[in-house]
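Accompanying notes for the structure given below.
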Amino acid sequence: MSTSPKQALPLAGFRVIDYSHFLAGPYVGRCLAALGAEVIKVERPGTGDAGRQHAWFVGEHSGYFLQQNMGKKGLSVNTKDPRGRALMKRLVDSADVFVENYRPGALDKLGLGYVELAQTNPGLVYCSISAYGHTGPDSHRAGFGLIAEAKSGIMQMVGNPGEAPPLLRISLGDMYTGIHAVAAINAALLGRVKSGRGQHIDMALYDTLVSMHEYAVQCYTLSNGQEVPVQTGHDMPNSTLYGVFRAQDGDVVIAAQVDDAWKRFAALVEHNGGPAGFGSDTRLHASAGRNAHRAGILEVVKPWVATRPVAQMLKMLDGIDVPAAKVQRIDEVLADPQIRARGMVVEQEHPVLGKIRLPNLPFHMSGCDTSIKQVAPELGEHNAEIAASLGFDAAQIADMQADGVLYSK
Ligand SMILES: CC(C)(COP(=O)(O)OP(=O)(O)OC[C@H]1O[C@@H](n2cnc3c(N)ncnc32)[C@H](O)[C@@H]1OP(=O)(O)O)[C@@H](O)C(=O)NCCC(=O)NCCSC(=O)C(=O)O
C-alpha cells in the first residue's frame, strides 16, 4: 500500500449517537469511530451498558466493554425522565447517525424511535439492530447471537455427525450484523448527499446469518429440496480437499481444493510415502471426482498428516504453494510477525489501567490511520461537556446531576 500524504479520516465531522449495549451496536459505533466519526455512547444511569458487567475483567474494568467502546465519548442519561429525553432530542438533532440495538419498540416507548426523531432531523440515518428485525411474527422477541446461530442453520452444519454442535466462541450473529450495519450506514450517508434524506436501517441478527450461508441455502433450493446440508466434521464434502487434520504435534488446515493445487498436493503425498498412483489418479484431478471419492482421499491423507510434525508439514506444503496453516493458539497469533507487521493490536493509555493492548479493526487505508488511540469512556465521563455543548447552562446541568438524570461515577 502506498504511503500517500495523510488525509482526514473519512467520517471526520460526522456525529454518531451510539445508543447501544452488549456487542452488535457497540461494534458499529467502534467501526464508525475508527473511520473518524465523533461517537457518543449513551448509557442508562447506574449500571450503564450491560457489556460493562461482561467478562473478561481487568480490575473493575470489563475487557469486553473496553474493546467495543474505544474511541467514544460517554454520556449517561436517564431517558425515562422528561429532562433526559429533552437532552437526548437536542443531541439527536445535532447528529448524522443513530445506532441502537434494543428490543423493537423499546426506543419508541422512550420517544427515541425513528419516526419521531426524523420529524426534526429528516437527514438522520437511524440504524436498529435486533434479533429478528422490526417486522414479522417474531419481531417483538429479544435474542442474542447464539439464538441466531442456532436458528440460521449454521450451527446445525458444524461439528461431528451425531454430536451436539459446538459453540463457536465468537458471536457471529452480532459481529456480522454489525459489519453489514456499518456498510448500510455508510451507503445511507452517501445516498443522503443526493437525496438530502436519511432513512431507517432495520438489521436483524437472524437475517444476517441466513444471508451469510455460502452454499447451504442454494444446495437446498437448487436441488428442489432434495439436499439438506448436514454436519460433516472436519472437512467440506463439496470442496475436496479443504479441512482440518491432526498432525503429530498439533492441528493443521490444508486448502488443496483447487485442481492445480490438488495435483501438486497428491504428487507430494505419493512421493513421500503415500500410495503409488495417488498423484496420477486422473479421477481425482477435477473437483467433482474428488468430491465423489472424498472418503478414499481422507483414508490416505489423515494418516499421512498424522505421522508428521506440524512444522515439517507446513514447510512441505509451502514448498509446493499449497495454502496451509497451523491451528494457532491466541499467544501464537499475537506473536506472529505478520500480525505485528499489520498493527493488529493497538496499544492505548488508560487513566486507571495504564497501557492496555486490544485487537485492532482490520481497516488499512492508504490515506489515514484508523487505529483508535482513545480508550472507552467511564460511565457518564463526558456528561457535562456534552450537555454544555447542547446549550444547557451550568445550573441546569447541576440540577440534572443532582437528580440522577445525568449520572457519572
Ligand atoms: C439484549 C436484549 C436481549 C436485552 O433485552 P431486555 O432485557 O428486554 O432489555 P434491557 O432490559 O437491556 O433494556 C430495556 C430497558 O432499558 C431501558 N433503557 C435503555 N436505555 C435507557 C436509558 N438511557 N435510560 C433509561 N432507561 C433506558 C429501556 O427503555 C427498556 O426499558 P423497559 O422497556 O421499561 O424494560 C435486547 O435488548 C435485544 O434483544 N436486543 C437486540 C439484539 C441484540 O443486540 N442482542 C444482544 C447481542 S449481544 C450477544 O448476542 C452476545 O454478546 O453474544
Side-chain angles (χ1 to χ4, degrees), residues 17-30 40-56 62-69 74-89 91-92 98-113 116-117 127-136 138-152 154-155 167-181 201-209 377 379-380 382-383 386-387 400 403-408:
I17 310 305
D18 176 338
Y19 199 100
S20 71
H21 58 172
F22 288 103
L23 185 55
Y27 181 76
V28 174
R30 174 182 165 210
I40 299 175
K41 166 98 186 171
V42 184
E43 298 172 79
R44 74 183 80 179
T47 53
D49 176 351
R52 288 188 184 272
Q53 280 78 52
H54 234 58
W56 193 84
S62 154
Y64 182 90
F65 184 86
L66 289 173
Q67 181 170 325
Q68 302 308 346
N69 294 286
L75 172 69
S76 179
V77 55
N78 181 0
T79 51
K80 286 186 173 164
D81 183 284
R83 286 170 292 169
R85 199 172 294 191
L87 184 145
M88 269 308 291
K89 285 282 285 176
L91 181 62
V92 175
F98 187 95
V99 183
E100 62 93 6
N101 66 323
Y102 282 84
R103 191 197 299 251
L107 268 72
D108 297 313
K109 281 199 264 170
L110 295 170
L112 296 172
E116 188 158 350
L117 297 185
C127 180
S128 295
I129 298 175
S130 59
Y132 296 91
H134 281 227
T135 56
D138 287 327
S139 58
H140 61 286
R141 302 182 68 190
F144 290 87
L146 189 64
I147 307 294
E149 281 156 37
K151 291 198 69 110
S152 67
I154 291 178
M155 191 176 270
L167 194 74
L168 295 172
R169 297 201 64 190
I170 58 165
S171 292
L172 284 191
D174 302 274
M175 302 305 284
Y176 279 135
T177 307
I179 294 163
H180 283 86
I201 300 166
D202 168 12
M203 306 286 306
L205 309 187
Y206 189 14
D207 291 350
T208 301
L209 289 190
L379 186 58
H382 302 95
N383 281 353
I386 293 167
M400 286 194 278
D403 294 344
V405 176
L406 283 175
Y407 177 93
S408 55

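We count ligands from 1, going down the list as the structure has it; atoms in each ligand are counted the same way.
- Near ligand 1, residues Tyr19, His21, Phe22, Leu23, Glu43, Arg44, Tyr64, Val77, Asn78, Thr79, Lys80, Asn101, Tyr102, Arg103, Lys109, Leu110, Ile129, Ser130, Ala131, Ala142, Gly143, Phe144, Gly145, Ser171, Asp174 each place a heavy atom inside the 4.0 Å sphere around the ligand atoms.
- Ring orientation note: the planes of Phe98 and Tyr19 are close to parallel, at an angle under 30° on the 30°/60° scale.
- Proximity of Tyr64 to Leu23: side-chain heavy atoms (C-beta onward) are separated by under 4.5 Å at one or more points.
- Under 3.5 Å, the side chains of Glu100 and Ser128 contain a donor-acceptor pair of N or O atoms.
- Applying the side chain to side chain donor-acceptor pair (under 3.5 Å) test to Glu149 and every residue at least two apart in sequence or in another chain returns nothing.
- Residues Asn101 and Val99 have side chains not in contact (no heavy-atom distance under 4.5 Å, counting atoms from C-beta outward).
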*Carefully, step by step, assess Phe65 and His54 under the rule ring-ring contact (aromatic ring centres under 6.0 Å, His included).*
CA-CA 7 Å; Phe65 184 86; His54 234 58; over 10 Å; no

